[in-house]
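Reminder, nothing fancy here: chain letters follow the sequence lines and each chain counts from 1.
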Amino acid sequence: GAGVSQTPSNKVTEKGKYVELRCDPISGHTALYWYRQSLGQGPEFLIYFQGTGAADDSGLPNDRFFAVRPEGSVSTLKIQRTERGDSAVYLCASSLTSSSSPLHFGNGTRLTVT
Amino acid sequence: DQQVKQNSPSLSVQEGRISILNCDYTNSMFDYFLWYKKYPAEGPTFLISISSIKDKNEDGRFTVFLNKSAKHLSLHIVPSQPGDSAVYFCAARGSGNTPLVFGKGTRLSVIA
């Protein structure tokens, strides 16, 4: 079946602009995660949803970052007043449950803030 | 402070030989460990996992070993193939709903 889908695959924006990144998880997966990967680093946790609610948002770097999952399926990561330091690959992952199921990642959105 | 450490940024191995990738962790609450493989422009792909109640898990050419007392795990690939060339990430989590914590990755190059 289809894997995790992320759109757009690439996004270039100017400093100060607002961006939205979309994630379509694997059908039936209740847990959804957002990670951010900078050059030379491993993926860093941002936020985790169980169903519609954010179960853990401790990884969001500041209040410019926000994510929603209104119907428990598709999720949108929103970044306000983008800064050059926000440039990274934003990865979405989903899993069947949140306990011992491995995460299945999408191909990511490469965000470049100029 | 990095909770999951992969101290070798890169590793080069000849085709047919064994590749050994290492990972250390500091958080004693971690009880589930995974290895992911990543090709350029793709997301990480799950490879193999191990629970803290085991010390070895094998899947085809891939074996993960866990040494809890040393807080160390390793991934063995044998025999190595050119298609195994990728970045390998070690990841760990605690029980319950804690998120996966990743290492920085090791770039494996398998030379034909």
| remark: Between the NZ atom in Lys38(B) and the CZ atom in Phe105(A), the distance rounded to the nearest 0.5 Å is 10.5 Å
| query | What about Leu91(A) and Val74(A), same hydrophobic cluster or not, with Ile/Leu/Val/Met/Phe/Trp/Tyr joined at side-chain heavy-atom distances under 4.5 Å? | reply | no
| said: Is it true that, when you exclude Lys11(A) itself, more than 12 heavy atoms of the residues, nucleotides or ligands shown sit nearer than 6.0 Å to its NZ? | reply: no
| query | Going by residue number, which parts of residues 35-46 of chain A are within reach of chain B, meaning a heavy-atom gap below 4.5 Å? | reply | Tyr35(A), Gln37(A), Gly40(A), Gln41(A), Gly42(A), Pro43(A), Phe45(A)
| remark: For residues 99-112 of chain B against chain A, heavy atoms under 4.5 Å, the residues are Pro99(B), Leu100(B), Phe102(B), Gly103(B), Lys104(B)
| query | When clusters are formed by joining ILVMFWY residues with side-chain heavy atoms under 4.5 Å apart, either directly or through shared neighbours, do Leu21(B) and Ile48(B) land in the same one? | reply | yes
| So if you build clusters from Ile, Leu, Val, Met, Phe, Trp, Tyr with side-chain heavy-atom gaps below 4.5 Å, do Phe49(A) and Leu21(A) land together? | yes
| message | Using a 4.5 Å heavy-atom cutoff, which residues in residues 81-90 of chain B come close to chain A? | response | Phe89(B)
| message | Counting only heavy atoms not in Arg17(B) (residues, nucleotides, ligands), do more than 12 fall under 6.0 Å from its CZ? | response | no
| note | Hits for side-chain hydrogen bond (donor to acceptor under 3.5 Å, both in side chains) against His29(A), two or more places apart or cross-chain, chain-then-number order -> Ser94(A)
| query | If you group Ile, Leu, Val, Met, Phe, Trp and Tyr by side-chain heavy-atom gaps below 4.5 Å, do Tyr48(A) and Val68(A) land in one group? | reply | no
| request: Check each of Pro102(A), Ser95(A), Ser101(A) against Phe46(B) using the side chain to side chain contact (heavy atoms under 4.5 Å, CB included) test, and report the only one that passes. | output: Pro102(A)
| Interface moiety of Ala91(B) toward chain A, non-hydrogen atoms closer than 4.5 Å | neither
| Got a donor-acceptor contact below 3.5 angstrom from the Tyr36(B) side chain to the Leu103(A) backbone? | yes
| Do Phe65(B) and Leu11(B) belong to the same hydrophobic cluster, where Ile, Leu, Val, Met, Phe, Trp and Tyr are linked whenever their side-chain heavy atoms lie under 4.5 Å apart, directly or via other members? | no
